[in-house]
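Data block below; observations after.
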Amino acid sequence: MGDSSGLILLVFLAFLFAWLLNRVRRALRFGPVAYTGVMIVFIIVMLALWGQTMR
């Protein structure tokens, strides 16, 4: 298992999260600002987790 397989898993999780967030956004009538904020937080968390696994 190299870091490429972890990156593929990360991308898969990101797509899954985006799909779920889209459904939630339609249900809660989220604005684009809230949607962008959640995505930025998610990306920061994912990069932090990826940084931990790289070490």
Side-chain angles (χ1 to χ4, degrees):
M1 262 176 91
D3 47 284
S4 59
S5 61
L7 198 61
I8 290 164
L9 181 68
L10 215 69
V11 170
F12 174 73
L13 284 171
F15 273 115
L16 189 70
F17 180 78
W19 177 75
L20 285 169
L21 191 64
N22 226 6
R23 290 180 68 91
V24 170
R25 187 173 63 115
R26 284 200 194 111
L28 298 179
R29 300 275 187 267
F30 260 20
V33 176
Y35 185 72
T36 305
V38 171
M39 281 309 279
I40 289 168
V41 168
F42 175 75
I43 289 164
I44 290 167
V45 168
M46 277 291 145
L47 285 173
L49 286 172
W50 187 58
Q52 290 294 317
T53 56
M54 286 299 284
R55 267 190 234 153

Practice item. Using side-chain contact (heavy atoms from CB on, under 4.5 Å) as the criterion, point out the one residue from Val45, Leu47, Ile40 that pairs with Ile43. Key: Leu47
Check your understanding: Other than Val33, which residues form its hydrophobic cluster under the rule that side-chain heavy atoms must be closer than 4.5 Å?
Key -> none
Exercise for review: Tell me who clusters with Phe12, hydrophobic residues only, linked when side chains sit under 4.5 Å apart either directly or through other members.
Suggested key: none
Point to revise | Within one Ile-Leu-Val-Met-Phe-Trp-Tyr cluster: Val38 and Val11, side-chain cutoff 4.5 Å | key: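 No, Val38 and Val11 fall in different hydrophobic clusters.
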Review point. Can you name the residues that form a side-chain contact (heavy atoms from CB on, under 4.5 Å) with Phe42, not counting sequence neighbours?
Key: Ala14, Phe17, Met46
